[in-house]
Amino acid sequence: MSPPDDAVRAVEAILFAASGPIGIAAIRAHVGDVDVAAALARLEADYAGRGIVLVRRGDRWHFETAPDLAHVLRRDRDEVRRLSRAGIETLAIIAYHEPVTRAEIEAIRGVQISKGTLDVLMEAGWVRPAGRREVPGRPLTFATTPGFLAHFGLASRRDLPGIDDLRAAGLLDPVDVAPDEALEVETGTDSD
Amino acid sequence: MSPPDDAVRAVEAILFAASGPIGIAAIRAHVGDVDVAAALARLEADYAGRGIVLVRRGDRWHFETAPDLAHVLRRDRDEVRRLSRAGIETLAIIAYHEPVTRAEIEAIRGVQISKGTLDVLMEAGWVRPAGRREVPGRPLTFATTPGFLAHFGLASRRDLPGIDDLRAAGLLDPVDVAPDEALEVETGTDSD
Amino acid sequence: MGEPEQLTLDLEGWEGPLDLLLTLARSQKVDLRRVSILALVEQYLRYIRQRQTLKLEVAADYLVMAAWLAYLKSALLLPRDPAVEPDPEELALRLQLRLERLDAMREAGARLMARDRLGRDVFARGTPDGLHVVRATHWQAEIYDLIAAYGRISARTRPVMHVVADREVMTLEAALARVSQLVGSRIDWATLDSFLPDGSGRLRRSALASSFLAALELAKQGRVELRQHAPFAPLYLRALA
């Protein structure tokens, strides 16, 4: 392995010092006119197989510990807040269907979303309001955030587990939320 | 360079994720019975010449960015800002009346000046403290700097137009007294 | 917890009728795409029948679904009536698609949660130094701003002298004297205009106003009488004997 040149070293230090995933433009603002993409590729290769790895999350990059070392690092005190079943399903629906309205989420789950469910997902920084849909009522839509990709270790939404198969099976097609005498009957509330 | 073994990788990840410099005993508490000292030596060698270096602080170890790269981690950004009305008036009074005390500036402006106003003028390099006046209370006086003359393209303060010049230029026209000025006088302090 | 409450818990464990249906469908242990809707409906209806004591607000949705499923079942069993819309086969297909969709999302959620998650399985740097932006402020002001500011201060603080230009006016007293003197020397009606002094512009306007007031005052004193044919018509004065 040849020693890294100054551009690579500078990008490495910036990624290391950054307090979160950082994009190419932000890196360039610090290092100036260097080939940031090439430096990232070089670093990705250098760190492959090490205890620290360089990963891409959406349009941003960051260093994190290698996943197979979870057992030496996992901390009890940092227990990630457990999501309710309603929360997990709602998050999955938003991630796989985004942008998606509340009515569509409810149509898929067959129950109303209780008030806290979306709040919890937004508070966790995984879900954000994503504009209104230009249909009658102009309902608000929801989508995932860069923080969602970072937390779940996804380079992009295309990396969502099984998304291609689900799309091919038509299970991600737009959901019919129009009044339907047959399937509109469920008006329960989830148990959040 | 041979790929690091699992012990080295684990120590690397622990150092990276640690919330501060960490000692060998603390590392061993995570990784169990491995040769931590050997792993540290290996990491020190691996990172030599990179943008990140492994350093020892007393009995503890941590990763930090290479010292020669400090300049890329901070980025300078220039901001051009216009002087506020209070600022430009205070500067004008100092230029025309120097050396002048704060009380005199306020008497001439008819409005109190906030501390920030003089600070901004001094930060800009246009005004400097110019000794104390030998009267009761020994108030500090202020005067302009060579930087002031340079910025405004003046060879000396005598180049500032006199009152008669200002009148001839229409700059003493009472029409110029806008209603907001009356308001400013009433509230008794400037808006800086 | 009392006995009746415990009985209602059976349904509260489900996240709605669709959740219950999905669980029953999975108990058929076949691919959801080959699930028997008829068997599923049977299972659902049997399940609901077995739960005699239900908390009403929780049960309502389940009962509505039960009613709909009972309708679907009969529609599927009876010979197809082409006049009936929608086609019961299609309804069954849509129900099956809904179950598949919910199942897919439930599965996706589980797979998401099982990933290596930041802060649980993988970790970002413990103590990032952060990147810093150092701002250097350049203050800007032009020489014109400076001298205009001084002009403004001077104008504001300099003593202001108000000078009122000299103006020709006729006072009410002068008009009274003039009108009362002139009216006595005439016999017949005369217009107010004829009492005004020669001149033009501001003095004449002032004299007109003052003379008009003088005429009113003299009329009030009973020394003259006034006549006007129409609004804005000439005003005539005549001395009273």
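Reminder, nothing fancy here: chain letters follow the sequence lines and each chain counts from 1.
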(message) For Ala141(C), is there any backbone N or O sitting under 3.5 Å from a side-chain donor or acceptor partner on His151(B)?
(response) yes
(request) Answer yes or no: is there a donor N or O on one side and an acceptor on the other, between the side chain of Arg125(C) and the main chain of Phe63(B), under 3.5 Å? (result) yes
(request) Pick one of side chain, backbone, both or neither for His62(B), based on which atoms fall under 4.5 Å of a heavy atom in chain C. (result) neither
(message) Quick check on Leu154(B) against chain C: is it the side chain, the backbone, both or neither that has a heavy atom closer than 4.5 Å?
(response) side chain
Taking atom [atom1] as the centre, does [X] end up with more than 12 heavy-atom neighbours from other residues, nucleotides or ligands that are less than 6.0 angstrom away?
{"X": "Phe212(C)", "atom1": "CZ", "result": "no"}
{"X": "Asp198(C)", "atom1": "CG", "result": "no"}
{"X": "Arg238(C)", "atom1": "CZ", "result": "yes"}
{"X": "Arg157(B)", "atom1": "CZ", "result": "yes"}
{"X": "Asp59(B)", "atom1": "CG", "result": "no"}

Distance-minimising heavy-atom pair for [X] and [Y]:
{"X": "Phe148(B)", "Y": "Leu146(C)", "value": "CZ-CD2, 3.6 Å"}
{"X": "Arg82(B)", "Y": "Asp145(C)", "value": "NH2-OD2, 2.7 Å"}
{"X": "Ile143(C)", "Y": "Leu160(B)", "value": "CD1-CD2, 4.3 Å"}
{"X": "Trp126(B)", "Y": "Trp139(C)", "value": "CH2-O, 3.5 Å"}

(message) At a heavy-atom distance under 4.5 Å, which candidate from Ala107(B), Pro161(B), Ala92(B), Gly153(B) has the highest pair count against chain C?
(response) Ala92(B)
(message) If we define contacts as heavy-atom pairs under 4.5 Å, which of Ile108(B), Thr65(B), Leu15(B) has the most with chain C?
(response) Ile108(B)
(message) Please determine whether side-chain contact (heavy atoms from CB on, under 4.5 Å) holds for the pair Tyr150(C) and Ile88(B), giving the CA-CA distance in whole Å, both sets of side-chain angles, and the decisive distance to 0.1 Å.
(response) CA-CA 9 Å; Tyr150(C) 195 69; Ile88(B) 194 79; over 6 Å; no
(message) Let me confirm one number: the CD1-CD distance from Ile153(C) to Glu89(B), rounded to the nearest 0.5 Å.
(response) 4.5 Å
(request) Starting at CD1 of Ile14(B), measure out to CZ of Phe123(C) and round the result to the nearest 0.5 Å. (result) 10.5 Å
